[in-house]
Each structure stands twice: as structure tokens, then as C-alpha cells.
Amino acid sequence: MSVLYSILKPIIRKAVKENLHQESYEEFVQASHRLQIKFKFRLPQKKGYEFRDEIIDGCHCIVGHKSGSRTKRALLYLVGGANRRYQIPKVSTMVRYMDETDRDLWIPLYPLYPDNDLLDEVEMVCHTYSRMLQDYKTNDIAWLGFSSGADNLLASGRHIIKNGRELPMPGLIIAVSCNNILISEESFERMKEIEKRDIMMSADSVKAWSDYYNHDGTLPSYLLGCAATDDYTGFPKIIMYFGGDEIFAAEAPDYEKSFDRCGVKDYTIHVEPGLFHAYPFFTFLKEGKQGENEIIEHLKA
């Protein structure tokens, strides 16, 4: 554990986890709207790089590449935000991914809860991917998602397969700290054990997500996600990351069984002991920078 993380760990626990309270659905809606009001869209700016705003399904999609050149490869990148707020990576992070992986960068700002649902989000992501396929070959596109962004990408893959969409799978999926709205009882019991070490979340809070994200009960289960029962038949190479001290690591065994059941031939599930939710995103920490370095190496390959 780095010195900085050892200092921040008790502070984050006190500021985040110890202040958690169970929101009602009405509180969830109000808080989500307050978060969204604060967001102001603007394109990144960096000398030597070009960014454009491509509107897809009425939503922004940031597309970045090096000035004066186009690569033959691309990265579809989704950050988290619990489907309630937009989180855009730092410009330095965007530049690093473009430089070191030699890929164009696509960041769709998919529609958010509670005014939109998971189907709206997944459809926008699928339409973004369909648009990318006009410029890049299937195997030259990778998907990368953090937290709820990872959930969205896995749900998009299941949506393509479930509905027989005429879209091929990408060459690679990297999912960091994905979580599901539906969980097995075995996973929940493992979550209860891990939550003693988790500095951000509690296992019981996961039980409320079905009411938040599927309040009217109309969404199909394959969109909500359940690691133990979802269909991953036809998925490409997939690499998953979890922090060993985040409750979502409890689902790693369920994913492994499902991938085996569905015939996913190439998968890696990496659980890093002692680390926290979506740690490769937090690159100001040594642990986060190391995780990002690993992801970039996968994207280079």
C-alpha cells in the first residue's frame, strides 16, 4: 500500500461510507437531477490533438485523435457515475490513451437516469459502436468501461446477442469494477464479508438498486445484469479488474463460472488485493497508475 493511499483510506471511509444512508426513490431522483444540473459540456482542448462533438441519438459523443493523422484503431471509453452523472476523464488521461495505444478515442455521454433508463443508455452506446464500425474494423475496436460504464458495456454486449443485432462484437472488452443490479445470494454473502474492508460501499445498499434503476419493473433481467446467470455466449476476449477490498469483487467467482458455461474462450479476472473500487481510474495514486499501465499494455496488443 502506498503512503498516500494509507493516509487517504481512513479519510475516504469517514467521508463516504460512514455518511451513507438509504435513499428513498424520491431522494434518488432529486439527488440525480441536482448532480446533472451542475454538468456543463465542453470539448477538451490540447495542442497537437483534435476533439469533435459527434451527436448520436441526441447525445454528445467526444471523439479525439492526434492532429493531422488518423489511426486504424479505436477505443470506446465509458467512465462511471452510477448512471446518474457524467464523469469525463482528465485530458492528460485521454492523451495518454491516444498516444500509447495508437487509438482514436470515443467517449459517448449516454442519457442518464432517472429521465432515461438502461435500455436508452445501451441503445445509445450500440449506436455509437455502429457508427464506429463505419471507420474501423471490428477487431480494431476495443471497449473500456469503469464502474457503471463497465456495466453499460457488458449490458450492450448482452443486448447485441439477445436481440440478434447485426453488430459484431469488438476485438476486446476491458471491464473495471463492474457491478450488477441483480446479484446471487452467494455473491451477496461474499459482499457481506468484503464490506468490512470496503471504504466506500455497503452490501445492503446494493439491494436497493433494483428499485432505483428498475422502479417500474419493466426492464428485462439481461439488461439489469446478474453475473451468475447472464448469457455471455459470443463475447470476445474480456479482461476484468476488481479491487480486492471492494464489494463487487464478490462477483468474480460468478463471472468465472458464467464465462465457462457460455464458452468464452479467452478471459482474465484480476482481483488486486487490498485495493478499492475502480482503482485504475485514480492515477494520482501509485496503485491507480499501475492499473492504468496494465490496461494500456492490453490495449497496445
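Hydrogens, waters and symmetry mates play no part in the numbers below; they use all other heavy atoms, side chains included.
Salt bridge status for K66 with D104: absent, with no side-chain N to carboxylate O gap under 4.0 Å. A salt bridge between K192 and D204 is present, with a side-chain N of the basic residue lying under 4.0 Å from a carboxylate O of the acidic one. Taking 4.0 Å as the cut-off between side-chain N and carboxylate O, D230 and R158 count as a salt-bridged pair.
Between the CD atom in Q290 and the OG1 atom in T283 there is a gap of 13.0 Å [rounded to 0.5 Å]. Separating the OG atom in S67 from the CD atom in E50 is a distance of 4.0 Å, to the nearest 0.5 Å. To the nearest 0.5 Å, atoms CG (L275) and NE2 (H270) are separated by 8.0 Å. Expressed to the nearest 0.5 Å, how far CZ of F242 lies from OG of S177 amounts to 6.5 Å. Separation of atoms CG (L172) and CG (N139) is listed at 10.0 Å; rounding is to 0.5 Å. I238 CD1 to T268 OG1: the interatomic distance, rounded to the nearest 0.5 Å, is 10.0 Å.
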> Taking it one step at a time, do Y86 and H60 satisfy side-chain contact (heavy atoms from CB on, under 4.5 Å)?
Replying inline: CA-CA 11 Å; Y86 290 124; H60 299 290; over 6 Å; no
> Could you walk me through whether F235 and F259 pass the side-chain contact (heavy atoms from CB on, under 4.5 Å) check?
Replying inline: CA-CA 9 Å; F235 264 58; F259 292 157; 5.7 Å; no
>> Let's go through K207 and D211 carefully: what are the C-alpha distance in whole Å and the side-chain angles of both, what is the deciding distance for salt bridge (charged side-chain N to carboxylate O under 4.0 Å, His left out) to 0.1 Å, and is it a yes or a no?
In response: CA-CA 8 Å; K207 292 286 190 179; D211 182 45; over 6 Å; no
>> If you apply the rule ring pair (Phe, Tyr, Trp, His ring centres under 6.0 Å), what do you find for Y113 with Y213, and how did you get there?
In response: CA-CA 8 Å; Y113 277 80; Y213 293 101; 4.7 Å; yes
> Can you check side-chain contact (heavy atoms from CB on, under 4.5 Å) on F284 and L4, steps first, answer last?
Replying inline: CA-CA 9 Å; F284 62 90; L4 181 55; 4.1 Å; yes
> How far apart are the C-alpha atoms of Y129 and W143, what are their side-chain angles, what is the distance that settles it, and do they pass the ring pair (Phe, Tyr, Trp, His ring centres under 6.0 Å) test?
Replying inline: CA-CA 9 Å; Y129 177 51; W143 292 1; 5.1 Å; yes
> Given the rule in the salt bridge (charged side-chain N to carboxylate O under 4.0 Å, His left out) test, do E23 and R84 qualify, once you have shown the distances and angles that lead to the verdict?
Replying inline: CA-CA 14 Å; E23 291 180 304; R84 308 167 69 185; 3.8 Å; yes
> When you look at Y110 and N83, which way does the side-chain contact (heavy atoms from CB on, under 4.5 Å) test go after all the steps?
Replying inline: CA-CA 9 Å; Y110 50 83; N83 305 92; 4.1 Å; yes
> Which is it for R190 and S187 under the side-chain hydrogen bond (donor to acceptor under 3.5 Å, both in side chains) test, yes or no, and what are the steps along the way?
Replying inline: CA-CA 5 Å; R190 289 191 292 266; S187 277; 3.2 Å; yes
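Residues S24 and E27 meet the side-chain proximity criterion, which asks for heavy atoms closer than 4.5 Å. The closest side-chain heavy-atom distance from M200 to F276 is below 4.5 Å. Between I88 and L109 the shortest side-chain heavy-atom distance falls below 4.5 Å. Between D245 and D198, the closest side-chain pair of non-hydrogen atoms is not below 4.5 Å. Residues P170 and L76 fail the side-chain proximity criterion, which asks for heavy atoms closer than 4.5 Å. Side-chain contact between L167 and S130 is present, with heavy atoms from C-beta onward closer than 4.5 Å. Residues L144 and L78 fail the side-chain proximity criterion, which asks for heavy atoms closer than 4.5 Å. Residues V206 and I183 form a side-chain contact, since some pair of their non-hydrogen atoms from C-beta on lies under 4.5 Å apart.
Using modelled atom types and a 3.5 Å distance limit, the side chains of N163 and Y222 yield a donor-acceptor pair. Inspection of the R261 and S258 side chains reveals an N or O donor paired with an N or O acceptor under 3.5 Å. Residues T218 and D216 have side chains that bring a donor and an acceptor to within less than 3.5 angstrom of each other. Between the side chains of D260 and Y255, no donor N or O sits under 3.5 Å from an acceptor N or O. Between the side chains of S184 and D254, at least one donor N or O sits under 3.5 Å from an acceptor N or O. Between the side chains of N116 and E121, no donor N or O sits under 3.5 Å from an acceptor N or O.
Side chain of R85 to backbone of G80: no donor-acceptor contact under 3.5 angstrom is found. In this structure, the side chain of R103 engages the main chain of A74 through a donor-acceptor pair within 3.5 Å. Remark: the backbone N or O of L112 is not paired with any side-chain donor or acceptor of Q36 at under 3.5 angstrom. Counting only distance, with no hydrogens or angles, the side chain of D117 and the backbone of L119 share a donor-acceptor pair below 3.5 Å. Remark: side-chain polar atoms of T71 are paired, donor with acceptor, to backbone N or O of R73 under 3.5 angstrom.
For H277 and F248, the ring centers are positioned less than 6.0 Å apart. The aromatic ring centroids of Y77 and F146 lie less than 6.0 Å from each other.
The two residues Q87 and G81 make their nearest non-hydrogen contact at OE1-N, 3.5 Å. Heavy-atom minimum distance, M191 versus A203: CB-CB, 3.7 Å. Looking at every heavy atom in both residues, K40 comes nearest to I37 through NZ-O, 3.9 Å. The two residues T138 and P168 come nearest to each other via the heavy atoms OG1-CG, 3.2 Å. Residues L43 and F51 share a closest heavy-atom pair of CD1-O, 3.7 Å. Closest of all the heavy-atom pairs between G243 and A249 is O-CB, 3.4 Å.
Residues F41 and I107 are members of one and the same hydrophobic cluster, defined by side-chain heavy-atom contacts under 4.5 angstrom among Ile, Leu, Val, Met, Phe, Trp and Tyr. L35 and F281 sit in two unconnected hydrophobic clusters of ILVMFWY residues. Membership requires side-chain heavy atoms under 4.5 Å apart, directly or through other members.
Both tests hold for R52 against W106: distance to the six-membered ring centre under 6.0 Å, angle to the ring axis within 45°.
Each of W209, Y25, F28 was checked for a ring pair (Phe, Tyr, Trp, His ring centres under 6.0 Å) with H215, and the lone residue meeting it is Y25.
When the side-chain contact (heavy atoms from CB on, under 4.5 Å) test is applied to V122, the partners found at least two apart in sequence or on another chain are L118, C126, N152, A155, S156, H159, L223.
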Side-chain donor-acceptor pairs of residues 293-301 under 3.5 Å, sequence neighbours excluded:
residue : atom : partner : partner atom : Å
N293    : OD1  : R96     : NH1          : 2.8
N293    : OD1  : R96     : NH2          : 2.5
N293    : ND2  : K289    : O            : 3.3
E294    : OE1  : Y241    : OH           : 3.1
E297    : OE2  : K300    : NZ           : 3.1
H298    : NE2  : Y241    : OH           : 3.2

